[in-house]
Amino acid sequence: MNRVLAVRVAILVTLVFVYEAVTRAKMLGPTLSVPPSAMVTDLDAALMSGDLGPGLLRTATEIFASFGLAALAGIVTGALLSRSAFFAAVIEPTMIAYYAVPLFALYPLLIVLFGAGLWPIVALGTLNAYGAIAINTLVALRGIKRVYLAVGRTTGCSRAQMIRHIVVPATVPQVFVGLKLGFVYALIGCVAAEFILATAGLGYQVKFAYENFASQRMFAV
């Protein structure tokens, strides 16, 4: 495992050095020719001056609020659907098709419902993350081997003991996959939503820097 990690780090460092050399040589044009060293310097200055702090806090709040709501709703949905094969068969295709829905098209409706500010962005992040968590929870619960449940029943396990000793250990790996995907989708949804909905946050700061031709600050953020 350490060898794999070392190779990953080596590849990343090599790419950074290559990009540094290419940008120093001005091979990518004025907009993209921002060396990584200049990005780090600008980022350090933004953090030390406090310019980035409020935006970072705002975006982090949106991401974690979205992820928490999506995790709660997704796990509950998956658990409820796993208890009924009929309803799971009816609803699962719709949940899978949910991935193809352009959720950002809903932002005018979300502004009407929640007003401007934090909550439309949290709603978009939640909607973005919900599907992955719900589907992976359903797959995890549906994949529990029946023999495990039968052994639990024959040994006299209570419902709480069945959940603690059989259901949770059997489902955690797949549920964790859904949570990891959900967190990534929440992050993407919130930062992308800030480009069009926010007047604060990292996404807004990237857009502001881009519109003012401040390439170095844009890449730093």
Subject >> Gap separating the CD1 atom of Ile144 from the CD1 atom of Ile166, nearest 0.5 angstrom >> reply: 8.5 Å

Subject >> Rounded distance [0.5 Å steps], NZ in Lys207 versus CD in Glu211 >> reply: 5.5 Å

Original post:
So, do Leu113 and Trp119 sit near enough that their side-chain heavy atoms are less than 4.5 Å apart?
Top reply: no

Original post:
Could you give the distance from CD (Glu194) to OH (Tyr204), rounded to the nearest 0.5 Å?
Top reply: 11.0 Å

Original post:
Do any N or O atoms from the side chain of Ser82 and from the backbone of Ala79 form a donor-acceptor pair under 3.5 angstrom?
Top reply: yes

Original post:
Who pairs with Phe195 by ring pair (Phe, Tyr, Trp, His ring centres under 6.0 Å), at least two apart in sequence or on another chain?
Top reply: none

Subject >> Spacing of OG1 belonging to Thr126 relative to OH belonging to Tyr185, to within rounding of 0.5 Å >> reply: 15.5 Å

Subject >> Verdict with reasoning, Val191 to Thr59, per side-chain contact (heavy atoms from CB on, under 4.5 Å) >> reply: CA-CA 7 Å; Val191 174; Thr59 300; 4.0 Å; yes

Original post:
Between the side chain of Thr171 and the main-chain N/O of Ala140, is any donor-acceptor distance below 3.5 Å?
Top reply: no

Original post:
What pairs with Ala209 under side chain to side chain contact (heavy atoms under 4.5 Å, CB included), at least two apart in sequence or on another chain?
Top reply: Ala214, Arg217, Met218

Subject >> Nearest atoms (heavy-atom pairs only) where Ile133 meets Gly178 >> reply: CG1-O, 3.4 Å

**OP:** Determine whether Phe87 and Ile135 fall in the same hydrophobic cluster, where Ile, Leu, Val, Met, Phe, Trp and Tyr are linked whenever their side-chain heavy atoms lie under 4.5 Å apart.
**Re:** yes

Original post:
Quick one: side chain to side chain contact (heavy atoms under 4.5 Å, CB included) partners of Leu47, sequence neighbours excluded?
Top reply: Leu43, Leu52

**OP:** Go through the side-chain N and O atoms of Tyr210 and Ser215 and say whether any donor and acceptor fall under 3.5 Å apart.
**Re:** no

Subject >> By salt bridge (Lys or Arg N to Asp or Glu O under 4.0 Å) - contacts of Arg24 (at least two apart) >> reply: Glu20

**OP:** Go through the steps for Thr23 and Val34 under the test side-chain contact (heavy atoms from CB on, under 4.5 Å), then give the verdict.
**Re:** CA-CA 6 Å; Thr23 52; Val34 180; 5.7 Å; no

Original post:
Quick one: does Asn212's side chain have a donor or acceptor within less than 3.5 Å of a partner on Phe208's backbone?
Top reply: yes

Subject >> Gap between atom CD of Gln174 and atom CG of Leu138 - 0.5 Å precision >> reply: 10.0 Å

Original post:
By ring pair (Phe, Tyr, Trp, His ring centres under 6.0 Å), which residues pair with Phe67, not counting sequence neighbours?
Top reply: Phe183

Subject >> Rounded distance (nearest 0.5 Å) linking atom CD1 of Ile75 with atom CG of Leu141 >> reply: 9.5 Å

**OP:** Keeping the roles fixed (side chain from Asn136, backbone from Ala132), state whether a donor-acceptor pair exists under 3.5 Å.
**Re:** yes

Subject >> Residues in side chain to side chain contact (heavy atoms under 4.5 Å, CB included) contact with Val168, at least two apart in sequence or another chain >> reply: Ile163, Val172

Original post:
Which heavy atom of Cys190 sits nearest a heavy atom of Gly125, and at what distance?
Top reply: SG-CA, 4.0 Å

